[in-house]
J.: 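Supplied in structure tokens, the structure appears directly below.
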Amino acid sequence: MELNAHIPDGPIQQKWEKHKFDSKLVNPANKRKYRIIMVGSGLAGGAGAASLAELGYNVDCFCYQDSPRRAHSIAAQGGINAAKNYRNDGDSVFRLFYDTVKGGDFRAREANVYRLAEVSNNIIDQSVANGVPFAREYGGLLDNRSFGGAQVSRTFYARGQTGQQLLIGAYQALERQVGLGTVKMYNRHEMLELIMVDGIAKGIVTRDMVTGAIESHIADAVILSTGGYGNVFYLSTNAMGCNGTAVWRAYKKGAAFGNPCFTQIHPTCIPVTGDHQSKLTLMSESLRNDGRVWVPKKKEDCKRVPSEIKEDDRDYYLERKYPSFGNLAPRDISSRAAKQVCDEGRGVGETGLGVYLDFSDAIRRLGKNKIEEKYGNLFEMYERITDENPYETPMRIYPAVHYTMGGLWVDYNLMSTIPGLFVAGEANFSDHGANRLGASALMQGLADGYFVLPATVSNYLAGLKPGVRPAADHPAVVETETAVKTRVEKLLSIKGSKSPTHFHRELGKIMWEYCGMARNEAGLKKALELIPKLREEFWKDVRVVGENESLNQSLEMAARVADFLELGELMCLDALERRESCGGHFREEFQTEDGEALRDDENFCHTAVWEYKGEGQNPVRHIESLTFEYVHLATRSYK
């Protein structure tokens with residue numbers, strides 16, 4: 001497999017503008033002759049579909065939800081980064097670039113990250129023009145707050161509902177194109193396979209989730225904007241419908257997978273309470289602007305009411321360990337620090353897996369009304385779930401799976417190793433290295449959708465003859481559709497004794513235990529023994545109730561879990577082969593004396609790129625070497 005990132009020549013500050021100028025254009029009269037498939041309607045998908053349609057292309061947009069407004073982007077809370085430097089606190093495009101590369105522990109491609117920082121300011125302008133109601137200061141100017149891994153205030157926000165407001169903005173742009181007839185929406189359609197003709201992506205096969213109809217859709221280019229695969233852990237902050245099927249189907253058709261083991265554990269989530277749960281709830285990182293994280297210094301105080309624990313008996317461990325960043329240390333570091341104090345027996349709550357996030361100082365300093373103005377909806381959500389009032393008693397939080405930095409490998413144009421298949425947003429591996437900084441997911445999704453895809457997809461289409469697409473009865477199309485129908489029939493025919501959720505939960509336990517916040521060689525090898533056995537049991541004993549020709553959530557879940565059972569194995573294999581600690585990938589064998597991640601730049605300063613070789617065959621690990629010309633390799637420190 002040849003890996004060519006197609007990074008433009010020249011100074012990094014000029015690469016993107018030069019690349020856009022050098023890219024081929026499509027005549028406006030010809031654009032209407034091309035058809036593009038967009039899978040996913042979140043920030044990357046919705047913005048991308050709207051922008052490409054605005055250019056004049058015909059776009060078919062697919063989502064498994066009943067409306068694009070229910071895409072999981074809606075759940076993002078805290079904010080979106082941009083290098084506007086409104087606070088005059090030293091921010092710049094280069095500083096945002098630097099912070100993102102450093103935050104990712106030097107495991108991301110410099111050129112892609114710089115482009116992300118460069119277009120960040122345009123995202124804010126675009127969103128404001130779309131009517132996104134960002135928070136504003138008294139004088140009417142856009143407000144900012146701080147997020148982890150940065151010493152400047154660059155995060156734009158709309159209370160604790162930033163993802164929702166940004167998604168509504170993109171949705172309005174998308175619906176405008178739907179009204180104009182340039183976008184056709186396929187709600188309640190799930191992609192189950194990628195159609196390839198002569199090695200080139202030419203369409204997808206979907207299942208109508210209401211009628212069960214298996215349908216083929218043909219296009220000149222396919223874009224996957226389907227989010228991450230964090231639900232491989234079963235319990236995560238993702239919506240229950242979030243899945244990895246689209247990227248996994250593409251991987252098995254030849255799209256390389258980059259850094260699958262790079263998963264993010266978010267430090268501020270409501271702790272697990274029992275096996276009855278099917279998902280976890282995020283508490284925004286923005287809360288760490290005003291909330292202070294602590295645990296009791298003494299184990300015997302852990303069961304006491306927090307208000308009874310004296311100040312001198314509290315350990316504000318992030319402020320103690322990382323004085324320069326304090327409670328706004330990056331997510332991977334903050335998560336491991338929480339795990340460490342809980343492992344010491346100083347965790348709080350019934351399970352002992354929790355730490356306090358305390359707002360009492362901020363309430364005394366700013367007043368309750370100000371805190372309510374900034375975080376009111378988050379406090380209300382916390383109280384509804386826990387029946388505890390965070391204005392009066394500290395929140396209890398604990399790390400949980402939140403995001404995946406890994407994803408399908410893409411070049412500078414966001415094209416995968418399959419010609420004609422583009423991948424945007426969280427579905428690709430592109431911008432965040434081994435750890436994503438807070439408020440950068442929304443930035444990447446909208447950067448890809450509004451600004452990158454319109455240029456790079458046009459450059460690709462300019463090389464194709466307009467209006468020439470395979471027919472519906474092309475042998476490759478028929479073969480792919482038949483394979484999907486056979487797979488669905490197989491799932492329905494097993495008629496075992498255990499539900500898809502049972503297997504999903506068991507896989508999640510294996511992944512969290514052996515490939516979660518901390519990993520080691522013995523545990524990963526154990527996982528690589530257990531997962532194939534669980535997968536074998538799944539295909540013998542899963543019970544899918546109902547039939548295909550109707551709404552069938554059991555069938556939907558079974559198909560997704562079948563893919564998770566394969567994806568989980570690749571994640572563990574990738575984690576085993578990366579014999580270093582970096583960002584969210586923490587191998588216990590590779591750590592400093594004070595418990596920090598110990599990178600091995602000599603042997604692992606690269607992207608691990610996995611190639612599928614067929615059923616029963618071991619995947620092949622390729623590498624894309626990373627070079628750092630502008631942000632020099634250094635030991636990451638937030639102390």
Side-chain angles (χ1 to χ4, degrees), residues 73-82 86-87 132-138 141-150 152-168 237 266-271 280-294 306-307 316 318-319 325-331 334-335 338 348-349 354-400 402-403 437-442:
S73 300
I74 201 169
Q77 298 171 357
I80 178 172
N81 288 329
Y86 283 166
R87 290 291 182 89
V132 174
F134 286 122
R136 295 178 181 267
E137 296 176 332
Y138 180 77
L141 299 177
L142 295 178
D143 196 11
N144 293 115
R145 57 188 178 198
S146 300
F147 256 62
V152 297
S153 295
R154 63 162 68 102
T155 304
F156 295 79
Y157 66 98
R159 292 186 82 193
Q161 306 168 338
T162 314
Q164 180 190 60
Q165 299 304 321
L166 287 169
L167 183 63
I168 291 173
T237 65
H266 198 295
T268 52
C269 302
I270 297 178
L280 299 175
T281 303
L282 173 72
M283 286 285 104
S284 170
E285 182 168 307
S286 63
L287 294 170
R288 290 195 278 148
N289 273 275
D290 291 301
R292 300 178 70 192
V293 180
W294 65 276
S307 60
Y316 295 92
L318 289 177
E319 298 174 23
F325 285 76
N327 295 296
L328 286 173
R331 292 176 176 179
S334 300
S335 294
V348 299
V355 300
Y356 288 128
L357 182 60
D358 195 336
F359 293 87
S360 55
D361 284 355
I363 290 172
R364 282 194 295 270
R365 185 178 73 254
L366 302 172
K368 179 182 176 182
N369 290 341
K370 187 65 176 177
I371 296 300
E372 185 175 8
E373 179 184 313
K374 295 167 76 173
Y375 312 116
N377 67 303
L378 298 173
F379 277 46
E380 179 185 355
M381 181 167 63
Y382 180 87
E383 185 171 8
R384 286 188 179 185
I385 293 172
T386 65
D387 198 28
E388 297 174 3
N389 185 345
Y391 294 104
E392 299 174 358
T393 188
M395 289 183 178
R396 286 177 294 107
I397 57 170
Y398 193 70
H402 177 59
Y403 188 89
L437 292 184
S440 289
L442 305 185

J.: Please report the closest heavy-atom contact between Glu285 and Gly438, naming both atoms and the distance.
T.: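 For Glu285 versus Gly438, the nearest heavy atoms are OE2-CA, 3.8 Å.
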J.: Assess whether side chain to side chain contact (heavy atoms under 4.5 Å, CB included) is satisfied between Phe147 and Leu437, documenting all intermediate values.
T.: CA-CA 8 Å; Phe147 256 62; Leu437 292 184; over 6 Å; no
J.: Is the charged tip of Arg145 near the ring of Tyr157: under 6.0 Å from the six-membered ring centre and within 45° of its axis?
T.: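 The answer is yes; both the distance and angle limits are met.
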J.: Answer yes or no: does atom CZ of Arg384 have more than 12 heavy-atom neighbours from other residues, nucleotides or ligands under 6.0 Å?
T.: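 Open.
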J.: With a cut-off of 3.5 Å and sequence neighbours excluded, list every side-chain donor-acceptor pair involving residues 363-373.
T.:
unit_1, atom_1, unit_2, atom_2, d
Arg364, NH2, Asp361, OD1, 2.3
Arg365, NH2, Asp290, OD1, 3.2

J.: Could Asp143 and Lys374 be called an ion pair, given the rule that one side-chain N must be under 4.0 Å from one carboxylate O?
T.: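 No, this pair does not count.
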J.: Would you say the side chain of His402 lies within less than 4.5 Å of the side chain of Arg331, judging by non-hydrogen atoms?
T.: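 Yes, at least one pair of side-chain atoms sits under 4.5 Å.
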J.: Is the ring pair Phe359/Tyr375 parallel, tilted or perpendicular, if the boundaries are 30 and 60 degrees?
T.: tilted
J.: Any chance you could lay out the side chain to side chain contact (heavy atoms under 4.5 Å, CB included) test for Glu383 and Tyr391, step after step, and finish with the verdict?
T.: CA-CA 10 Å; Glu383 185 171 8; Tyr391 294 104; 5.7 Å; no
J.: Give a yes or no answer on whether the side chain of Ser334 reaches the backbone of Pro330 with a donor-acceptor pair at less than 3.5 Å.
T.: yes
J.: Just by distance, no angles: are the side chains of Thr155 and Asn144 close enough, under 3.5 Å, to form a donor-acceptor pair?
T.: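 Note: Thr155 and Asn144 side chains miss the donor-acceptor criterion.
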J.: So with a 6.0 Å cut-off around CG of Asp387, is the heavy-atom count from everything else above 12?
T.: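 No, because the 6.0 Å sphere around CG of Asp387 holds 12 heavy atoms or fewer from other groups.
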